[in-house]
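For reference, the structure is listed below as C-alpha cells.
When reading the values below, keep in mind they use all heavy atoms of this one structure, side chains included, and skip hydrogens, waters and symmetry mates.
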Amino acid sequence: MIDKLMTSEEFDSSIKTNKDLNSNVNFHKKNEFKPHRQKQTKPEDIESLKESSELKLGENLDPIFDNQGDIEQYGIKQGKTRANNLKVMFLGGIGEIGKNMTVLEYGKDIIVIDCGVEFPTSDLLGIDLVVPDITYLVQNKEKIRGFLITHGHEDHIGSIPYVVNEINAPIYASKMTCGLIKKKMEEHKRVEYKTIAVKAKQKITLGCFEIQFIHVNHAIPGAFALAIKTPVGMVVHTGDYKIDLTPIYDEKFDLHTFAELGKQGVLLYMSDSTNAEREGYSLSERVVGDTLEKLFIENKDRRMIVAAFASNVDRMQEVINLAEKYKRKVILTGRSMVNVTDVATQIGEMKINKENIIEVDKMKNFKDSEILILSTGSQGEPNSALSRMAAGEFKGIEITDNDIVIFSSSPIPGNEKSVNNIINKLIMRGAKVIYSQLEQVHASGHACKEEMKLMLNLVRPKFFIPVHGEQKHLLAQRETAITVGMDRHNILLPMLGMRVEINKNFMKCTGSVPFGSRLIDGAGIGEMDSNVLRERKQLSEDGLCIVILNVNAKRGELNSRPEIVSRGFTYMGEAQTWLEDARSTIVNSIDKDNLRSRDYVNIKIALRKALTNYLNKKLKRKPMIIPIIIESND
C-alpha cells in the first residue's frame with residue numbers, strides 16, 4: 001500500500017474534474033415510509049408560538065416532520081419571500097447527528113454548505129446510507145454556484161456522489177477534503193464532478209457571495225469555518241470545530257480572524273452544537289498524546305492494538321510516531337484506515353517511514369513487544385477489523401492475554417451498545433482494554449460550553465442560529481448564548497425544512513422547503529418502492545409462511561395436500577401442533593368453482609385470509625403469507 005503512494009505534486013495535479021456519470025444507486029424517500037416514524041405530538045404551547053412569526057418560530061418544536069404539510073401544521077405557514085432578503089434553509093443536520101446540509105440563497109444565487117450522510121438506524125433494515133432529500137436544490141439547480149465543504153468527515157461529504165449526480169456545480173474544500181472526496185468518487189466512476197482545493201484565509205466569489213475560509217481545529221486536518229459576505233451582511237458558519245491551543249500537528253485555531261470579523265460586524269452566526277451540553281473546554285490533542293505515550297511505556301512487553309477513527313489523521317500520526325520511537329512495527333487494518341492514510345500521505349498531512357509499515361502475514365517474524373496494530377472498529381461496526389478480531393474471525397490476528405487494546409475514541413450516540421459488546425468480547429479473550437472512561441485516550445473534535453462562549457464573544461453576532469446537533473443540543477447552545485448577553489429574541493431554533501429570511505433589521509421564518517431523507521439501498525437503479533421497507537419490517541418481526549398448491553388444470557382439483565414452508569415464525573417441534581390443521585384450513589378455503597375456472601387470484605386472496613386468521617388464533621402470530629400455485633396437466 002505505502003509503496004504505491006504518489007508525491008504531493010502528483011496528487012495536486014490529480015485533484016481536478018473527474019468523470020463519473022451515474023452511480024446506479026437505489027433511492028427511497030424516507031418521508032414516504034410512515035411505519036418507521038414515531039407519531040409526533042403537538043406541543044401544548046404551539047398556539048402561542050403561532051401568534052409570533054418572528055424569531056421564536058421553531059422553539060420547543062419537534063424538528064422531525066414527515067412532509068411539508070406536517071411542518072405547516074405546527075405553525076410554520078408559507079409566507080411571501082422578498083428578493084432583497086437572504087434566505088437560509090436547512091436540509092440536514094438539524095435535530096439529528098449527521099446528514100449536514102445548509103443552503104444560502106439570495107436573488108438568483110445559491111451556495112450549499114456540506115453534503116453529509118447519516119448512518120441508518122436499526123429500523124431501516126438493509127439500508128446502506130441516509131442522505132438528504134435535495135428536491136429543492138434540483139428545482140433550483142440553475143442558481144447553484146457551488147458546494148462549500150467544511151471538512152472531510154462522512155457526515156459532511158458522504159452524500160456528494162448522490163448530489164453531484166443530479167447537480168453540476170463545483171466543490172470547494174481543503175486539499176485533505178478534496179483528496180477524501182476523490183477517493184470516495186473512485187467507487188462512482190461514472191459520476192462527473194469537479195473539486196477545487198482552497199487554503200485557509202483564501203477568498204472566493206460565487207455569484208453575489210464572497211467566501212473566506214478560516215482554519216479551525218477538528219478531528220481531521222483541513223477543517224474550515226466559513227465567513228460569507230452577502231448583500232445583507234456577514235454570515236459566519238463554524239462547521240465542526242474545537243479550540244485547541246496546544247495541538248500536536250495541526251495549526252492553532254484562527255482566533256484572530258474571528259475577532260476581526262466581530263469588529264467589522266456579523267449579521268448571522270451559525271455554530272456547531274454537538275457538545276453544547278458539556279461544561280468546560282474540550283481536551284487538547286497534546287493531553288491525549290501524553291497519555292498514549294504513558295501507555296506505550298507501561299505496556300512495553302505487550303502487543304498493542306489501537307482503535308481510532310480513520311479520519312483522525314493527527315491521532316494516527318501520533319500513534320505511528322510513538323510506535324517508531326518505541327521500536328514497534330505498524331500494521332494498518334481496515335479499508336478506511338488504509339485509504340485515509342494513503343490520501344493524507346499523498347498530500348503531506350502524514351509523514352510515514354515506509355520501512356516501519358508491515359503486512360499482517362509478516363507479524364509472525366516479530367515479538368509482541370515489537371508490534372502495533374492500528375485498526376478501524378472503534379464504533380463497534382459489525383464488519384470492522386476490530387470487531388472481527390474480537391470474534392476470532394480476523395485472519396492472522398488472534399487476541400491473547402498479552403494484548404492491550406486502546407479505544408482512542410468515544411462512542412457516537414447510538415453506538416454505545418455495539419462498542420460495549422466488542423469491549424466485553426475482547427476482555428473475555430484475555431485482552432487488557434483501555435477506553436476513555438479509564439484514561440484520557442480521546443479528545444472530542446467539538447467545542448464545549450466555554451469555547452462556545454468565547455466564540456460568541458469574539459464574533460458578537462446580531463442574530464444566532466445553533467446548528468449541527470439534536471434538538472437538545474441546539475437548545476443548550478441557545479441557553480449558552482443567552483448567558484453571554486445575547487437577546488433571546490435574536491436567537492432562532494431551526495427545524496429541518498425551515499426557510500429563514502434575514503436582512504439588517506430582522507430574522508424570521510417565512511415557510512418551508514421540501515425536505516426529508518433518501519435511503520440508499522445497494523446499487524439498484526431508480527426509486528425504491530416504499531413497500532420494500534414495510535415488507536422487510538414484517539419479515540423481521542413476524543416471519544414468512546410459503547404455501548405451495550399443486551393444481552391439476554385439466555381436472556380442476558389439487559393433486560396433493562398443500563405444502564407449507566415456514567421461516568422465522570415457528571419454533572422447532574411446534575409445527576407439529578398446527579401444520580395439519582393449517583393444511584385443512586387451506587383446502588377448505590379453496591372454492592372449487594374458482595379452481596375449475598383457474599381463478600387463481602381469488603384463490604390466493606381467500607387462502608391468505610383463512611390462513612392468517614387460523615395462525616393468529618392458534619399461535620398469536622401474523623407471518624407474511626406467500627401462496628405459490630403450480631399447474632400440471634397430468
Can you give each donor-acceptor pair under 3.5 Å made by side-chain atoms of residues 205-215, sequence neighbours left out, with the distance rounded to 0.1 Å?
unit_1: His215; atom_1: NE2; unit_2: Asp250; atom_2: OD1; d: 3.3
unit_1: His215; atom_1: NE2; unit_2: Glu251; atom_2: O; d: 3.1

Side-chain touch [X]/[Y], heavy atoms, less than 4.5 angstrom:
X: Gln264; Y: Leu261; result: yes
X: Gln477; Y: Phe464; result: yes
X: Asn84; Y: Tyr106; result: yes
X: His468; Y: Ser273; result: no
X: Pro466; Y: Ser271; result: no
X: Phe253; Y: Glu451; result: no
X: Thr274; Y: His473; result: no
X: Thr150; Y: Ile113; result: yes

Exercise: identify the closest heavy-atom pair between [X] and [Y]:
X: Asn165; Y: Pro161; value: CB-O, 3.3 Å
X: Ala447; Y: Asn275; value: O-CB, 2.9 Å
X: Phe90; Y: Pro494; value: CE1-CB, 3.7 Å
X: Lys99; Y: Pro132; value: CG-CG, 3.4 Å
X: Ile167; Y: Val138; value: CD1-N, 4.1 Å
X: Met452; Y: Asp272; value: CE-O, 3.4 Å

Given the rule in the side chain to side chain contact (heavy atoms under 4.5 Å, CB included) test, do Val459 and Thr238 qualify, once you have shown the distances and angles that lead to the verdict? CA-CA 11 Å; Val459 175; Thr238 65; over 6 Å; no
Going from [atom1] on [X] to [atom2] on [Y], what distance comes out if it is rounded to the nearest 0.5 angstrom?
X: Asn503; Y: Phe463; atom1: CG; atom2: CZ; result: 7.5 Å
X: Leu91; Y: Thr102; atom1: CG; atom2: OG1; result: 8.0 Å
X: Met234; Y: Ile228; atom1: CE; atom2: CD1; result: 9.0 Å
X: Lys175; Y: Thr195; atom1: NZ; atom2: OG1; result: 12.0 Å
X: Ile243; Y: Asn217; atom1: CD1; atom2: CG; result: 8.5 Å
X: Cys115; Y: Ile171; atom1: SG; atom2: CD1; result: 7.0 Å

Once you measure the plane-to-plane angle for His156 and His151, does it fall in the parallel (<30°), tilted (30-60°) or perpendicular (>60°) bin? tilted
Should the pair His446 and His218 be assigned to parallel (<30°), tilted (30 to 60°) or perpendicular (>60°) ring geometry? perpendicular
Hey, is the main chain of [Y] close enough, under 3.5 Å, to the side chain of [X] for a donor-acceptor pair?
X: Ser159; Y: Gly116; answer: yes
X: Arg499; Y: Thr510; answer: yes
X: Lys462; Y: Lys504; answer: yes
X: Glu96; Y: Gly93; answer: yes

Counting only heavy atoms not in Lys229 (residues, nucleotides, ligands), do more than 12 fall under 6.0 Å from its NZ? no
Within a radius of less than 6.0 Å around CG of Asn383, do more than 12 heavy atoms belonging to other residues, nucleotides or ligands occur? no
Exactly one of Leu148, Val198, Val216 should register a side-chain contact (heavy atoms from CB on, under 4.5 Å) with Phe224. Which one does? Val198
Out of the candidates Ile465, Leu267, Ile491, Asn490, only one should pair with Met507 under the side-chain contact (heavy atoms from CB on, under 4.5 Å) rule; please name it. Ile465
Please lay out, stage by stage, how Ile134 and Arg518 fare under the test side chain to side chain contact (heavy atoms under 4.5 Å, CB included). CA-CA 9 Å; Ile134 57 169; Arg518 296 189 294 177; 3.5 Å; yes
Inspect the contact between Glu381 and Arg335 and indicate whether a charged nitrogen and a carboxylate oxygen are less than 4.0 angstrom apart. no
Is the closest basic N to carboxylate O distance between Lys184 and Glu154 below 4.0 Å? yes
Using the side chain to side chain contact (heavy atoms under 4.5 Å, CB included) rule, take Gln139 and Val513 through it: C-alpha gap first, then chi angles, then the decisive distance, then the call. CA-CA 11 Å; Gln139 291 171 348; Val513 298; over 6 Å; no
Run the numbers on Ile196 and Tyr172 for side chain to side chain contact (heavy atoms under 4.5 Å, CB included), then give the verdict. CA-CA 5 Å; Ile196 300 173; Tyr172 297 85; 3.6 Å; yes
Side chains of Tyr136 and Glu105: do they bring a donor and an acceptor to under 3.5 Å? yes
Checking side-chain polar atoms at under 3.5 Å, does Asp155 have a donor or acceptor matched by the opposite partner on His153? no
